[in-house]
Amino acid sequence: MWKKLFSTDSKFTQILYKTGEVVILSILWFVTSIPVITIGTSTSALYYTIVKCIRSGRGYPVKEYFKSWKQNFGKGLILTLFLLAIVVFVAYYLQRLGISIEDVLNNEAKSEFFSRSESLVGLSAICAGIAVIAAVLFIYIFPLLSRFNLSSGRLLAMAFVISIRYFYFSIALMIITVALVNLVVRLPLGIMFAPGIWALVSSTMIEKTMKKYLPEPSPEEDAWWAEL
């Protein structure tokens, strides 16, 4: 029984292999994201590798990760800097309102909003809206970068259109992302598996949105994504 359970062809062993690969990729994502400005590139590489190697069983995870990372470094850097600029903008205006990021995270800013003038309340609402849009763009833009050879501007436009067209997916993806970020904040060791889980779970929805835009593969093409 035990011999059969732990044989290389058993489903249990395959699950162990896949789990180990998710952990390795999550750690790679964390290490390559340490400079902060490479978070987008790392997220794109993580998503691509999770979908191709874990879900489709093609290629070698570490090799595919660094291949995608190098290929999308330039555009990933530009898009990351753009989204980070939005974060800095929102943080700056929240500071002007006398509200710290810690207050927002701890939900202690609500009373501050309603104790101020209507103009300041409106400005805070605008900042919150911009922050949500930036978060949704982050969720879609880097998976798209991993699969489409488009300019940064067109990728942003596509991410925005998809986020509106598949609004229900966007809400679900936001909930998943916030939940995993909260997990890592409360349990730092969660960084060893949370990024991979995010890519694995989110890909079940994001891949469905991508198929609407991907061209039909030719017979001689290794269209591994068509099997998802």
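As the structure is a prediction and not an experimental result, all values here were calculated from the model.
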Partners meeting ring-ring contact (aromatic ring centres under 6.0 Å, His included) with Phe142 (sequence neighbours left out): Phe138
Main-chain N/O of Pro61 paired to Lys52 side chain as donor or acceptor, under 3.5 Å: no
In terms of heavy-atom contacts, does CE of Met192 have more than 12 from other residues, nucleotides or ligands at under 6.0 Å? no
For the pair Thr209 (side chain) and Ile206 (backbone), establish whether a donor and an acceptor sit closer than 3.5 Å, ignoring hydrogens and angles. yes
What's the shortest heavy-atom distance between Leu144 and Met210, and which atoms? N-CE, 3.6 Å
Taking all non-hydrogen atoms of both residues, which atom of Ala134 and which atom of Ile86 are closest, and how far apart? CB-CG2, 3.7 Å
When you measure from the side chain of Ser68 to the backbone N and O of Glu64, does any donor-acceptor pair fall under 3.5 Å? no
With hydrophobic residues grouped by side-chain heavy-atom distances under 4.5 Å, do Tyr168 and Ile162 end up in a single group? yes
Tell me whether Val62 is reachable from Ile54 by hopping between hydrophobic residues (I, L, V, M, F, W, Y) whose side-chain heavy atoms are closer than 4.5 Å. yes
If the condition is side-chain hydrogen bond (donor to acceptor under 3.5 Å, both in side chains), which residues does Thr32 pass it with, not counting sequence neighbours? Ser42, Tyr65
If the condition is side-chain hydrogen bond (donor to acceptor under 3.5 Å, both in side chains), which residues does Thr38 pass it with, not counting sequence neighbours? none
Going by chain and number, the hydrophobic cluster around Val87 (ILVMFWY, side chain to side chain under 4.5 Å) further includes none
Does a sphere of radius 6.0 Å around CZ in Phe160 hold more than 12 heavy atoms from other residues, nucleotides or ligands, not counting ones at 6.0 Å or beyond? no
Only pairs at least two apart or in different chains count here, so list each salt bridge (charged side-chain N to carboxylate O under 4.0 Å, His left out) that has a residue in residues 67-90. none
How about Tyr213: does its OH atom have over 12 heavy atoms from other parts shown lying under 6.0 Å from it? yes
Are Leu137 and Val36 connected in the hydrophobic side-chain network, where two residues link if heavy atoms are under 4.5 Å apart? yes
Using a 3.5 Å cut-off and no angle test, enumerate the donor-acceptor pairs between side-chain atoms of residues 22-31 and protein atoms at least two apart in sequence or in another chain.
{"from": "Ser26", "atom 1": "OG", "to": "Val22", "atom 2": "O", "distance (Å)": "2.9"}
{"from": "Ser26", "atom 1": "OG", "to": "Gly196", "atom 2": "N", "distance (Å)": "2.9"}
{"from": "Trp29", "atom 1": "NE1", "to": "Thr43", "atom 2": "OG1", "distance (Å)": "3.1"}

Identify whether Ile78 and Leu150 are in the same connected component of the hydrophobic contact network (ILVMFWY, side-chain heavy atoms under 4.5 Å). no
Residues in side-chain hydrogen bond (donor to acceptor under 3.5 Å, both in side chains) contact with Ser170, at least two apart in sequence or another chain: Tyr140
Phe148, Val136: one ILVMFWY side-chain cluster at the under-4.5 Å cut-off? yes
Who pairs with Thr177 by side-chain hydrogen bond (donor to acceptor under 3.5 Å, both in side chains), at least two apart in sequence or on another chain? Trp198
Quick one, Ile39 and Leu83 - any side-chain contact, counting heavy atoms below 4.5 Å? no
Note: Pro195 and Leu46 closest approach over all heavy atoms is O-CD2, 3.3 Å
Within this structure, what is the CG-CG distance for the pair Asn72 and Leu145, rounded to the nearest 0.5 Å? 4.0 Å
Hydrophobic cluster (4.5 angstrom, side-chain heavy atoms) - remaining members for Val181: Val185
Going by ring-ring contact (aromatic ring centres under 6.0 Å, His included), name the residues that satisfy it together with Phe73, two or more places apart in sequence or in a different chain. Trp69
From Ile191 CD1 over to Leu180 CG, what is the distance, rounded to the nearest 0.5 angstrom? 10.0 Å
CD1-CZ distance between Ile141 and Phe82, expressed to the nearest 0.5 angstrom: 9.0 Å
How many angstroms lie between atom CD1 of Ile50 and atom OG of Ser203, to the nearest 0.5 angstrom? 8.0 Å
I'd like to know if the side chain of Thr19 reaches the main chain of Ile15, judged simply by a donor and an acceptor atom lying under 3.5 Å from each other, with no hydrogens or angles considered. yes
For the atom pair CD1 (Ile176) and CZ (Phe169), what is the distance rounded to the nearest 0.5 Å? 10.5 Å
Which atom of Cys53 lies closest to which atom of Arg58, heavy atoms considered: SG-O, 3.1 Å
Pairwise distance CG(Leu79) to OG(Ser152) - rounded to 0.5 angstrom: 4.5 Å
Apart from Ile175 itself, residues in the same hydrophobic cluster as defined by side-chain heavy atoms under 4.5 Å: Phe167, Ile171
For Tyr166 and Lys208 the tightest heavy-atom approach is OH-O, 4.5 Å
Non-neighbouring partners of Phe193 that pass ring-ring contact (aromatic ring centres under 6.0 Å, His included), sequence neighbours left out: none
